[in-house]
Amino acid sequence: MKAHLHTLLAQALQQLRQDKLLPDDAPTDIPLEHTRDRARGDFASTLALALAKTARRKPRELAEQLVAALPASDRIARVEIAGPGFINFFLTSTAHQSVINEILDQGDAFGRSNRGEGRRVQVEFVSANPTGPLHVGHGRGAAFGATVANLLEAIGYQVHREYYVNDAGRQMNILATSIWLRYLEHCGERFRFPSNGYQGEYVRDIATRLYAERGGVYMVAAAPIFRNLPQDEIRNENGDIVIAGDKEAHIDALVERTQRLLGDHHYRYIFERGLNAILDDIRDDLREFGVVYDEWYSERTLAECGAVNKTINRLRDAGYVYEQDGALWFRSSAFGDEKDRVVERENGQTTYFASDIAYHLDKFERGFDWVIDIWGADHHGYVPRVKAALQALGENPDKLDVLLVQFAILYRNGERAQMSTRSGEFVTLRELRQEVGNDAARFFYVMRKSEQHLDFDLDLAKSQSRDNPIYYIQYAYARVSSVLRQLRDKGLVRDEARGRASLALLTEPHEEALLMALSRYPEVVETVARIHEPHQLAHYLRELATAFHAYYNEHRVLVPDDALRDARLNLSLATRQVIKNGLNLLGVSAPEVM
RNA sequence: GCCCCGGUAGCUCAGUUGGAUAGAGCGCACCCCUCCUAAGGGUGAGGUCACAGGUUCAAUUCCUGUUCGGGGCGCCA
């Protein structure tokens, strides 16, 4: 409908241009939007106001000429000029009602479009280090990323969902070492666990499984392991330092000792066992959350195939690498970054940043038209250097969009609840899903603008009332399903064709309001997908549900009049379809019964 | 110090990229089931859109500055 009006206005604009009523340099954009107030029609355009300046004409006069030049349309009841020069369009009832047929014809496809024209876009999200289970912060990235991907798919992009697995580097070595130490504890050895080791209960679980599978083959007496290591930092229960030390140096030395004592073969095995256990857990967790990937991309394979070194060489060849203090630096400041960045350390190891450049170069070389990264907001300072690197490598940094997601803070009984009561660690995504359910979690995570801090109210997410938007929306869906069951129980049969022939009977204000809401859906999807703001879809669905509940409360669907009943059933089913389509994009289920 | 995000009703937040009288939910005060799920609907009170300038026919929206809150500024990942 909006496109139709847009075409009409474009033709009118063209007409005025031909009649030399406008200068050649007049703007060609045509503003058109839904009105907030129905008294001002269905759509309003500020075209005349926008043209007034360059044309040096009175806006109202221009508006009159534009309206006079508008081609006739049977979908428009009348056009009014209001205020300083707004052009207000009032649609016919038939035009309002026709959206029902559109929805019923298109079904699950209603709201989808081909704006993206099959262009390939990669969405990389979550990508948490595989050193432990996902926590609630990752959950927001997962829900947001999955929804952004769904939305882009809905508007015609070919979407590739990817998880970057940081399976190389220091953190993974610390994990392998932690597992081995817990394994030794399981074997009966006693020692002080390193303060910078992975303390989580899941590490013990992996160690216990390792013992069950392999027995005592990795057993080594604890005492020599810790001999002559740099002093660890030791704190008491209150967090006060009891013995000062260098915990970083301690853990690094411990990792080295672990590798030496175990030997390469055994070390690799424990490393792989830990990595796989955690990755399997993350994969299961996300799949249960409705988040599925096309690819799990390994950082290690990048290094192993020499891509990291090759990338550094390419940067060097381009003249953006220099040596200083024994390290190799990338001159990112040449591309707007605030300072240069190390790509290879004094000890010869490449940095995480170097891997990331290679990874992003690889993304571009895989031929994506558009690359989207979804990161935690704490990584925002990282954006300029990645873009700088891409530019230095001759790629177009504008093809990369980085979307930042702020933290989610859990609240229970009005108080912060970041820590799990059971383990004393960060609440995991799995615990959250078990507590509030997948639907509420998916919905609450995307309810707020991503760059806004999210206060996640656990009590609200669990409550079954109007306060809880997810129940409120799902309830609207279930109500329509319930009406259909009632219809059957009364021995009545729905006649869709009769309903379609009787749409003119839908003249109640509540029905018109509902029709208006339904007709907005395709535009909402398109806008929300384009600007990556799923929260607006969540808000739209609540508004749609509000319109339906108000209607349902005021008028009966199952009336004796066959024609009216079938028309209302079609309207109700169209509403149900749109709710389902919208919830589907958000990864939320639409239950038949509640 | 520099960078990013935010400041809108008592609370939590929207505001369709600059439009007409700034919205919703909760909370508060009332009202509505002989009737398809009251897990619902309705009425009312509640605002200097942080502050000060600027651009514009038009600013909550864009620009500059100030202020308050959150986060980030490693040869960590």
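Numbers restart at 1 for each chain; the letters A, B, ... are given by sequence-line order, proteins then strands. Worth saying up front: this structure is predicted, and the values here are computed from it rather than measured.
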Enquirer: Heavy atoms only, 4.0 Å cut-off, all strands: where does A/H380 land among base, sugar-phosphate and nothing?
Expert: base
Enquirer: Do any side-chain nitrogens or oxygens of A/R341 fall under 4.0 Å of OP1 or OP2 in B/C76?
Expert: no
Enquirer: Using a heavy-atom cut-off of under 4.0 Å over every strand shown, decide if A/Q464 touches base, sugar-phosphate, or nothing.
Expert: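 If one applies the 4.0 Å heavy-atom cut-off, A/Q464 turns out to touch a base.
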Enquirer: Once you round it to whole Å, what is the distance between P of B/G42 and OH of A/Y551?
Expert: 15 Å
Enquirer: Without decimals, in angstroms, what is the distance between A/R385 CZ and B/C73 C1'?
Expert: 8 Å
Enquirer: What is the nucleic acid contact for A/E554, judged by heavy atoms within less than 4.0 Å: base, sugar-phosphate only, or nothing?
Expert: nothing
Enquirer: May I have the distance from A/K339 (atom NZ) to B/C3 (atom C1'), rounded to whole angstrom?
Expert: 14 Å
Enquirer: Base, sugar-phosphate, or nothing for A/D340, non-hydrogen atoms under 4.0 angstrom?
Expert: nothing
Enquirer: Considering every strand shown, what is the Watson-Crick or G-U wobble mate of B/A52 when both distances are under 3.5 Å?
Expert: B/U64
Enquirer: Both distances under 3.5 Å, Watson-Crick or G-U wobble: report the partner of B/G74, or none.
Expert: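 Checking every strand shown, B/G74 finds no partner, since no pair has both distances under 3.5 Å.
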Enquirer: Looking for any heavy atom pair under 4.0 Å, which part of the strands does A/H379 touch: base, sugar-phosphate only, or nothing?
Expert: base
Enquirer: Pairing check on B/G44: which nucleotide meets the Watson-Crick or G-U wobble criteria with it, both distances under 3.5 Å?
Expert: B/C28
Enquirer: Does the structure show a Watson-Crick or G-U wobble partner for B/G69, both distances under 3.5 Å? Name it, or say none.
Expert: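 With both distances under 3.5 Å, B/G69 matches B/C5.
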Enquirer: Just call it for A/E338: base, sugar-phosphate, or nothing, with non-hydrogen atoms closer than 4.0 Å on any strand.
Expert: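 Sugar-phosphate contact only.
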Enquirer: Need one value for A/Y552: base, sugar-phosphate or nothing, where a base atom within 4.0 Å counts as base even if backbone is also close, heavy atoms only.
Expert: base
Enquirer: Does B/A59 have a Watson-Crick or wobble partner in any strand here, with both distances under 3.5 angstrom, and which is it?
Expert: none
Enquirer: Tell me which one of A/Y320, A/W329, A/Y322 satisfies side chain to side chain donor-acceptor pair (under 3.5 Å) with A/D340.
Expert: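 For A/D340, the side chain to side chain donor-acceptor pair (under 3.5 Å) test succeeds with only one of A/Y320, A/W329, A/Y322, which is A/Y322.
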Enquirer: I want to verify a distance call: between B/G72, B/A39, B/A20, whose nearest atom is closest to the A/R40 side chain?
Expert: B/A20
Enquirer: Would you indicate what A/A52 reaches in the nucleic acid, counting non-hydrogen atoms under 4.0 angstrom: base, sugar-phosphate, or nothing?
Expert: nothing
Enquirer: Can you check whether A/Y471 stacks with the B/A39 base, using ring centres under 5.5 Å and planes within 30°?
Expert: no
Enquirer: Under 4.0 angstrom, heavy atoms only, what part of the nucleic acid is A/K490 near: base, sugar-phosphate, or nothing?
Expert: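 Nothing: the residue A/K490, judged by heavy atoms under 4.0 Å, touches no strand.
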Enquirer: Measuring only the P atom in each nucleotide, how far is B/U61 from B/U16? A whole number of Å is fine.
Expert: 12 Å
Enquirer: From CG of A/L51 over to P of B/G18, roughly how many Å is that when rounded to an integer?
Expert: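 Value for this atom pair: 17 Å.
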Enquirer: How would you label the contact of A/L328 with the nucleic acid (heavy atoms, under 4.0 Å): base, sugar-phosphate, or nothing?
Expert: nothing
Enquirer: Send over the distance from A/R542 CZ to B/A39 P, rounded to a whole Å.
Expert: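 After rounding, the gap between these two atoms is 19 Å.
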Enquirer: Counting only side-chain heavy atoms from C-beta out, which of B/C75, B/G19, B/G15 sits nearest to A/T46?
Expert: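 Ranking B/C75, B/G19, B/G15 by closest atom to the A/T46 side chain puts B/G19 first.
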